[in-house]
Amino acid sequence: MKPFTSAENSPFFVPNEIVFFNELHQTFLDAGQRVGTTKRFFHIGGYTICLQFAGNGLESRLTPAIEHLSASPCNFPDLTVCLWDSQSTESELPAPPWSHEDYGVHGEISGYNTPQLRTAFNLGSGVLSMLDTQRNVALFWIRDADSLPIYESGAPLLTIFHWWMGTRKRQLIHAAAIGHESGGILLVGKGGSGKSSTSLRALDSDSGLLYAADDYCLLSHDGTPFVHSIYSSGKIHSKDTAIFPFLQPALDKSYNLNNEKALFFLKDHFEEKICPGFPIKAVVLPRVTGQANTRVVQASSAAALLALAPSTIFQLSGAGQPAFQMLSELVRKVPCYVLELGTERAQIPGAISDLLRTLA
Amino acid sequence: MLSSTTSYTVSKPEIIREQFDEEVVIVDLDTGSYYSLSGAGGEIWSAIESGTPTAGIVQQLTASYEADAAEIEASLGRLLEELQTEGLITAQDNASATWETAVSAANDAVKGEWQAPLLQKFTDMQALLLLDPIHEVDSAGWPQPKPEEPVMVEMQSNKSV
């Protein structure tokens, strides 16, 4: 038998990054032992995901946005995410084994992103995310749950979902989605283009349109393109809240309106209008025109890709060529349109329903 | 004046692109810039990617379009300059003659209306690639989040190259 020439060749060798992941995981387990744990299960993108919280700092802040996908407990979830904060669990993390120079643009840690392991520390929010893709265990840590920013409550675990779903042929995309269970549209475009306002308006219409996403959703592409809802939250500019009076009951009052965005949790107030997903019939680019009437006009596949791909790729850690390829295939596969948004806002859901009827 | 034997290659793997019939979408993953290349730009980009030298591209375009050869050459020259300035392509002196087949095929076709290539550049994603500074760290060495309330990144205006 050939002798091992170095420790790396040993079948018992554990790489440094996995050793550190295990240390953090143990910190979580110790914290859970001390203050107790809570498990919540969610059915997201066709998979069962267990969120295991140590302490009570994070659950109430991270689960409202995914409450519409709440599932029954199971013994063997596809992914387990361990979540804790140091403040409420009175636990400390071991020191990071990397240096300041190792932080990348999305907080990816150089040397700690391998085929097995993904690591990012978001310098804006202070959230550490790690994922072991072989063991299907992820870690989510923040020093103090009270400092969790509004965008983490509105779209919790975005980085971990993006990484893990990518291993399951699910692409997290920057798009809103509304339609019917039989089929709907993706609304794509940069911030301020009208994605959120158009999708949220479906909640207040008798058009029969259902809401699946206002900002992020999952795309699967095994044959027919399909969008999966992840979040039943909505965000609009705080200055625009008066235009959406029907959303007032759903306003998350834990963040004050001095923030740039107001956050809404929709499940308890619009449950019958939230849909877990549907086949994608079209990609639609909303555009504010200043004209009175809303109308739909054809758009090129290239225009749709320009509206969808860059904002998806550059917002998500590690998204690149594979995401671009998947989105390119999508805009080639389904028709693309511009939705010219009129000032007579009540027309908007009807225009989308009319479009879906023509595509049925 | 274009060098007839110069061909071009896409500068780096981080430049990803998708070619549609009439338009190419190009994304530079390093810089956050992305581009729409329209008009005759799609055909020119195909020729660039196939390694056709400049003289071959000019010949292919003049055989395909109803336009003065000098006008086509000037448009091509401007576009190649823009693409190089943006770091999307790199020049190579390479007198390959692999373009002959494309030209003969184009000679047999009905000439189309010339639409000068147009490269539009979008920079609104660059803000997403800015590295957050590390303000301070705790006693264990973990960075502290920004002291101010984080806000959503909003997109900025686009511009043509």
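In what follows, chains are A, B, ... by sequence order, proteins preceding strands, each numbered from 1.
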**chain B contacts, top residue of A/G320, A/A309, A/A302 (heavy-atom pairs, under 4.5 Å)** = A/A302
**Asked** If you check every heavy atom in residues 88-96 of chain A against those of chain B, which residues fall under 4.5 Å?
**Response** A/L93, A/P94, A/A95, A/P96
**Prompt:** Hey, is CD on B/E81 packed in by over 12 heavy atoms from elsewhere, all under 6.0 Å?
**Reply:** no
**Message:** Counting heavy-atom pairs under 4.5 Å with chain B, which one of A/R143, A/Q321, A/R332, A/H100 comes out on top?
**Reply:** A/R332
**Request:** Please round to the nearest 0.5 Å and tell me the distance separating atom OG of A/S86 and atom CG of B/D138.
**Result:** 8.5 Å
**Fill in**
CH2 of A/W141 to CH2 of B/W142, rounded to nearest 0.5 Å, is 6.5 Å
**Prompt:** Given that the side chain runs from C-beta out, which part of A/F121 has a heavy atom under 4.5 Å from chain B: side chain, backbone, both or neither?
**Reply:** side chain
**Message:** Quick one, B/Q120 and A/L306 - any side-chain contact, counting heavy atoms below 4.5 Å?
**Reply:** no
**Interchain contact, A/V331 with chain B, by part (heavy-atom threshold 4.5 Å)** = side chain
**Request:** Could I get the full list of salt bridge (Lys or Arg N to Asp or Glu O under 4.0 Å) partners for A/D102, not counting sequence neighbours?
**Result:** none
**Prompt:** Between atom CD1 of A/I313 and atom CG of B/L128, what is the distance when rounded to the nearest 0.5 Å?
**Reply:** 12.0 Å
**Request:** For chain A, find its close neighbours in residues 17-29 of chain B: heavy-atom separation under 4.5 Å, sorted by number, or none.
**Result:** B/R17, B/E18, B/Q19, B/F20, B/E22, B/E23, B/V25, B/V27, B/D28, B/L29
**Request:** List for me each residue that meets side-chain hydrogen bond (donor to acceptor under 3.5 Å, both in side chains) alongside A/W98, sequence neighbours excluded, and say none if there are none.
**Result:** A/Y103
**Prompt:** What residue in A/S328, A/P310, A/G126 has the most heavy-atom pairs under 4.5 Å with chain B?
**Reply:** A/P310
